[in-house]
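Sequence lines set the chain letters: A, B, ... in the order given, protein chains first and strands last, and positions in each chain run from 1. Being a predicted model, the structure only gives us computed values, none of them experimental.
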2 protein chains.
Amino acid sequence: MSPDHNPVRHDRDGVARTALALLDEVGLADLSMRRIAARLEVQPSALYWHFDSKQELLAELADRITARIPAGGADVLTTARSIRDALFAYRDGAELVLSTYALRLGSSHAQAALEHALGPDSGDRAAALLHFILGHSTLAQQRMHAESHGATAGDGDDPTAGLAEVFDLGVSAIAGLSAPRPRDRA
Amino acid sequence: MSPDHNPVRHDRDGVARTALALLDEVGLADLSMRRIAARLEVQPSALYWHFDSKQELLAELADRITARIPAGGADVLTTARSIRDALFAYRDGAELVLSTYALRLGSSHAQAALEHALGPDSGDRAAALLHFILGHSTLAQQRMHAESHGATAGDGDDPTAGLAEVFDLGVSAIAGLSAPRPRDRA
DNA sequence: ACCTGAACACCGTTCAAGT
DNA sequence: ACCTGAACACCGTTCAAGT
């Protein structure tokens, strides 16, 4: 007993799963390679057998977060909401995807789903919609987390109030819908 | 001659100005307190006399970047473009403002300018507009910089093409304009 | 195939002490 | 009022070597 090293071995998938769970616990700013390694009971250098760099690991996490977006079949508002909710499913998910997707031109899963919902020749509208969703979700998620930790230098009113209305308004306008379909139980 | 320390003293404004210039040179990821200190020919700890933390310094830089936005008097599209251009004026300006403004509820200078251009009771529209502008500008700026350094795993076509059209389309739609006023020399 | 151990060049921040 | 010097607890990454 009392082994001083761990015989458990990991593969790329296991590392990514642990990293994703840790992201949700500690947030993007505190998600270090050394922390991930510690959670896996492995030396930091071991991670570099599975990923070439931290950037590559983060890109994999962004892919896993956006993989939960339904491919097609829904209308624009529903598609937009499911993209937002996929980003909200993990702490700092929106910020991670935003910073990671910047280099992946229009080839994202999310943009494809939006183009499908918008119809043919909707490339620019789909891009604008995606930019709005990513900007809004990043700001909203940061505010929600700050508020739940009392870190806002608040002037009294809730900065989180009305966020869902702002989202629906933006999506409907860019999609060319006349008025937003009301949210459930608004 | 050959003095081994520098008799030059700095104030808060001078530190911020140097940091802003350095941001434009090296980008947000490489803007460390130690690098700023080195540029000022000062020890890193000296910076903490002027700012309580790196976060506070970054917030000051964000304020300086957005201070260049004209207060009012212009139409929505013009106002939106001048917000975008203020963010583009410094490397990673959009990303810095996005991450810094998350905690500053609706009280930003930019949002006030948009509300003024949109008219009375336009709070939600102004918020949606600001979210779009920040999301779009962050993505656009990162792509522009990646492209200029050949860092995109490119599939051939220019990821920067059409960005201005996407911007005008998004702004016009959210503002409730029927069709975007064409850009100069489009 | 997957990991250790050691090293390198960095971080942000604190604090007593100097001028 | 503004800075130094030293320290603390961290970073990402590389690389030879082990199993």
Side-chain angles (χ1 to χ4, degrees), chain A residues 2-20 22-23 25-62 91-92 95-96 99-100 102-103 146 149 151, chain B residues 2-20 22-23 25-62 91-92 95-96 99-100 102-103 146 149 151:
Chain A
S2 78
D4 61 344
H5 73 33
N6 196 325
V8 173
R9 251 115 183 110
H10 308 90
D11 54 13
R12 193 179 158 100
D13 178 69
V15 172
R17 291 165 66 98
T18 298
L20 196 51
L22 193 55
L23 169 69
E25 286 179 40
V26 305
L28 190 54
D30 288 333
L31 186 72
S32 67
M33 295 297 267
R34 298 177 106 104
R35 254 212 211 234
I36 297 165
R39 175 62 55 96
L40 290 164
E41 296 181 276
V42 123
Q43 296 298 315
S45 50
L47 300 179
Y48 290 86
W49 199 90
H50 302 285
F51 294 92
D52 281 347
S53 66
K54 185 182 186 183
Q55 193 49 235
E56 194 190 291
L57 211 197
L58 293 180
E60 171 70 30
L61 300 189
R91 164 120 88 117
D92 294 333
E95 187 186 345
L96 173 59
S99 54
T100 261
L103 308 185
H149 285 51
Chain B
S2 76
D4 61 345
H5 73 30
N6 196 325
V8 175
R9 251 113 184 111
H10 308 91
D11 54 13
R12 193 178 157 99
D13 178 67
V15 172
R17 291 165 65 98
T18 298
L20 197 51
L22 194 55
L23 169 68
E25 286 179 39
V26 304
L28 189 54
D30 288 332
L31 187 72
S32 68
M33 296 296 269
R34 298 180 107 105
R35 250 207 212 239
I36 297 166
R39 174 63 55 98
L40 290 164
E41 294 181 278
V42 125
Q43 297 298 315
S45 50
L47 300 180
Y48 291 84
W49 199 91
H50 302 285
F51 295 92
D52 281 347
S53 64
K54 185 182 184 181
Q55 193 47 235
E56 195 191 290
L57 210 197
L58 293 180
E60 171 71 29
L61 301 189
R91 167 121 86 121
D92 293 334
E95 187 186 346
L96 173 60
S99 54
T100 262
L103 309 184
H149 285 50

Check: Once Watson-Crick and G-U wobble pairs under 3.5 Å are found, how is DNA chain D written in dot-bracket notation, 5' to 3', with | for any base paired to another strand?
Finding: ||.|||||...|||||.||
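Atom CG in A:Leu40 sits roughly 13 Å away from atom P in C:dC2 (whole-Å rounding). Atom CD1 of A:Ile36 is separated from atom P of D:dC11 by 10 Å (rounded to the nearest Å). Rounded to an integer number of Å, the gap from B:Asp30 CG to C:dG12 P is 11 Å. Rounded to whole angstrom, the span from the CZ atom of B:Arg35 across to the P atom of C:dC10 amounts to 9 Å.
Smallest separation of non-hydrogen atoms from A:Glu56 and A:Arg12: OE2-NH1, 3.0 Å.
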Check: What one-letter contact string describes nucleotides 13-19 of chain C from 5' to 3', where B marks a base within less than 4.0 Å of any protein heavy atom, S marks contact via sugar-phosphate atoms alone, and - marks no contact?
Finding: BBB----
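A 4.5 Å side-chain heavy-atom check between A:Leu61 and A:Thr100 finds every atom pair outside the cut-off.
Across all strands, B:Val15 comes closer than 4.0 Å to no nucleic acid atom at all (heavy-atom distances).
Each of B:Leu47 and A:Leu31 was matched to the nucleotide of DNA chain D holding its nearest heavy atom; the match closer to the 5' end belongs to B:Leu47.
For the C1' atoms, the distance from D:dC2 to C:dA17 is 13 Å, rounded to whole Å. Spacing of P atoms, C:dA9 relative to D:dA9, comes out at 23 Å, to the nearest Å.
Interatomic distance, CG of A:Leu47 versus CG of A:Asp52, reported as 12.5 Å (0.5 Å rounding).
For C:dC3, the OP1/OP2 oxygens have a side-chain nitrogen or oxygen of A:His50 closer than 4.0 Å. Residue A:His10 has a polar side-chain atom (N or O) positioned under 4.0 Å from OP1 or OP2 of C:dC3.
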Please tabulate, for the side chains in residues 32-42 of chain A, all donor-acceptor contacts under 3.5 angstrom to protein atoms that are two or more places apart in sequence or on a different chain.
{"unit_1": "A:Ser32", "atom_1": "OG", "unit_2": "A:Arg35", "atom_2": "N", "d": "3.0"}
{"unit_1": "A:Arg35", "atom_1": "NE", "unit_2": "A:Asp30", "atom_2": "O", "d": "3.3"}
{"unit_1": "A:Arg39", "atom_1": "NH1", "unit_2": "A:Glu25", "atom_2": "OE2", "d": "3.0"}
{"unit_1": "A:Arg39", "atom_1": "NH2", "unit_2": "A:Glu25", "atom_2": "OE1", "d": "3.2"}
{"unit_1": "A:Glu41", "atom_1": "OE1", "unit_2": "A:Asn6", "atom_2": "ND2", "d": "3.3"}

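Formation of a donor-acceptor pair under 3.5 Å by the B:Arg91 side chain with backbone atoms of B:Leu23 is not found in this model.
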